[in-house]
Protein chains: 2
Amino acid sequence: MRPERPSRGPQPSFSRAALTEAAIRVADAEGLEAISMRRLAAEIGAGTMSLYRYVSGKDDVIELMVDAVVADYLPEGTALSGDWRADLGAMARQARRTVLRHPWLAPLAASRQGASPNRLRLLEASLRMVDGLGLGVDEMLTLIGAVFAYVNGFVQSELAEAEALRRTGLDLKGWTALQAPFMMAAIASGDFPMVARMATEGGRAYADIEERFEYGLERLLNGLATDLPRSAG
Amino acid sequence: MRPERPSRGPQPSFSRAALTEAAIRVADAEGLEAISMRRLAAEIGAGTMSLYRYVSGKDDVIELMVDAVVADYLPEGTALSGDWRADLGAMARQARRTVLRHPWLAPLAASRQGASPNRLRLLEASLRMVDGLGLGVDEMLTLIGAVFAYVNGFVQSELAEAEALRRTGLDLKGWTALQAPFMMAAIASGDFPMVARMATEGGRAYADIEERFEYGLERLLNGLATDLPRSAG
DNA sequence: CTCAACCAGGTACGGCGTACGCAATGGGGG
DNA sequence: CCCCCATTGCGTACGCCGTACCTGGTTGAG
């Protein structure tokens, strides 16, 4: 909330922003579990305990990371077209791109929604997108919440496989080979005819992931649009 | 995958199921971060390292927990009505209830989707719900995926506040009191008119959370239903 | 009866978050 | 101008964590 107060005493040798930047860089490259106070201190070139002069603890670092990255949820121009559907869709797509760039964000974005500067900016911009449709504020929040829920849920499951590979250190070949015997046995048992069809008919589950995201997003926006003008109903 | 192989040697003094049950009990009561091998061993009444005779590590315990609880995603009867919309909706509602009962499941359900018995059963049942609509298997998966994405995303943000309280150990009073100054300053700055309206008009953000879940779910199902019969389109 | 196969679990190692305390620093009040 | 003390950097230490390794006891198959 307030970064600088150098009234008296020596000058700080680094900044909260530099710490945040280093944390995001490490998490992007090696995952959230690579983030530790010692590691961050080494990255910054400082003593471990020095970090505590800038943040109150590890949770604070995480909060700073989320707030910094959430700024990218909004397309750069932030120009509202006046078409709520286009604006909300653009934000949803941008949000997905951002989370894909920072996979560690997926579980955090949904579960950490305390107030913070950029989250507040995002909320304000989102509300503006759906203003003037005859909705009350609570209804606007409900609408926006549905879109964010879909986006967060989708991207999280989209990242699931990649995260599993990263956690186990395996490649895709080894991972499917590890799962194969179980799947084979399940299919052979005859209790899972649909799964069996999936294994034979289903081409490539994750080939057109982009298309799958669009499919659900468009259907959701359609459904939301259908009975939208409550004021006119 | 294979629990028992007591060909020779002494009898095991507990079971993988008992370990799983204890882990779920602890996580329900104190959160996922209360789960540690030492803690679970104490709960079971065993030595810490004895657990490793039953599971390969902590990740294995988590996997067992998820699989055990995911069984509850399916309503008890599992009787398909033939109405895909009703069936899918019922599963969505049941899934939400299950995750609310086990808050630690929220981030795991979306990100851990390796093959496991109950996850496979869930997949099979879900596919059966949307079979016979003229959709290919990949399209069925896309449709189901959209619903699960919404449910997971929604419940996760629904749990966010409660989880924040649990993490910090504060009650609702203290938490809002902690955020208040920041919000006040933001509103006073005049840069967030919509947020300001939210603070004055908006009654109670989380009062009718049930209704908000239904709102999004119904709109999503509507949107999915609209251009569903591709075979007839 | 024998002994390989299985079990229980103690010890130990490297890593974590962070409470605490001490030495160094440098701007404001006298 | 100089000294005081707020403020910074950070070493040490404590109590957690996951788990590799090893010893010693139990048991049923041969």
Side-chain angles (χ1 to χ4, degrees), chain A residues 1-20 22-23 26-27 29-66 104 108 112 164 166-169, chain B residues 1-20 22-23 26-27 29-66 104 108 112 164 166-169:
Chain A
M1 198 161 165
R2 42 191 64 115
E4 341 283 350
R5 283 182 49 217
S7 65
R8 216 159 2 155
Q11 293 168 355
S13 53
F14 58 98
S15 73
R16 214 186 302 209
L19 176 55
T20 306
V26 171
E30 308 174 38
L32 194 62
E33 76 277 10
I35 298 285
S36 78
M37 299 306 269
R38 290 171 227 264
R39 171 65 189 276
L40 289 182
E43 209 76 24
I44 285 284
T48 304
M49 294 314 291
S50 303
L51 303 190
Y52 287 87
R53 298 278 171 201
Y54 299 82
V55 294
S56 67
K58 191 183 181 177
D59 251 35
D60 207 4
V61 177
I62 304 285
E63 214 69 35
L64 286 170
M65 292 169 68
V66 173
W104 47 268
L108 299 178
R112 306 236 173 173
R166 208 185 45 69
R167 257 205 323 278
T168 58
Chain B
M1 198 159 165
R2 42 191 64 114
E4 341 283 350
R5 284 182 48 219
S7 63
R8 217 163 356 163
Q11 294 167 356
S13 54
F14 59 99
S15 72
R16 213 185 301 206
L19 176 55
T20 306
V26 170
E30 307 174 39
L32 194 62
E33 76 277 10
I35 298 285
S36 78
M37 298 307 268
R38 289 169 226 266
R39 172 64 189 277
L40 289 182
E43 208 77 23
I44 284 284
T48 304
M49 294 315 290
S50 303
L51 302 190
Y52 287 86
R53 299 275 166 199
Y54 299 82
V55 294
S56 66
K58 191 183 182 180
D59 251 35
D60 207 4
V61 177
I62 305 284
E63 214 68 36
L64 286 170
M65 292 170 67
V66 173
W104 46 270
L108 299 178
R112 306 235 175 174
R166 206 184 47 68
R167 257 204 323 277
T168 58

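Order of the sequence lines sets the chain letters (A, B, ...), proteins ahead of strands, with each chain counted from 1. Values below: all heavy atoms of this structure, side chains included; hydrogens, waters and symmetry mates excluded.
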### Message
How many whole angstroms separate atom CE of A/Met49 from atom C1' of C/dA23?
### Response
16 Å
### Message
Less than 4.5 Å apart, side chain to side chain, heavy atoms only: is that true for A/Val55 and A/Met37?
### Response
yes
### Query
What is the distance, rounded to the nearest whole Å, between atom CG of A/Leu19 and atom P of D/dG9?
12 Å
### Message
Over all strands shown, is A/Ser50 touching base, sugar-phosphate only, or nothing at heavy-atom distances under 4.0 angstrom?
### Response
base
### Query
Nearest-Å distance, OH (B/Tyr54) to P (D/dT19)?
18 Å
### Task
Calculate the interatomic distance between A/Met37 atom CE and D/dC10 atom P; express it in whole Å.
14 Å
### Message
So, applying salt bridge (charged side-chain N to carboxylate O under 4.0 Å, His left out) with B/Glu33, which one of B/Arg166, B/Arg39, B/Arg167 is it?
### Response
B/Arg166
### Summary
Whichever of B/Arg39 and A/Arg53 has the more 5' nearest nucleotide on DNA chain D, that residue is A/Arg53
### Query
If only side-chain N and O atoms of A/Tyr52 are considered, is one of them under 4.0 Å from the OP1 or OP2 phosphate oxygen of C/dG17?
no
### Query
Could you give the CG-to-C1' distance, from B/Leu40 to D/dT19, as a whole number of Å?
14 Å
### Query
Once you round it to whole Å, what is the distance between P of D/dT19 and NZ of B/Lys58?
8 Å
### Query
Has the side chain of A/Arg38 got a donor or acceptor atom sitting under 3.5 Å from an opposite partner on the base of C/dG17?
yes
#### Entry: Atom-to-atom span, CG of B/Leu51 to P of C/dA8 - whole angstrom
10 Å
### Task
Please work out if A/Ala41 contacts a base, only the sugar-phosphate, or nothing of the nucleic acid, heavy-atom cut-off 4.0 Å.
nothing
### Summary
Scanning both residues in full, the closest heavy-atom pair of B/Tyr54 with B/Pro12 reads OH-CB, 3.2 Å
### Query
Between C/dC16 atom C1' and A/Ile62 atom CD1, what is the distance in whole Å?
14 Å
### Message
Considering every strand and a 4.0 Å limit on heavy-atom distances, what is the contact class for B/Thr48: base, sugar-phosphate, or nothing?
### Response
base
### Query
Checking all strands, does B/Ile35 fall into the base, sugar-phosphate, or nothing category for heavy-atom contacts under 4.0 angstrom?
sugar-phosphate
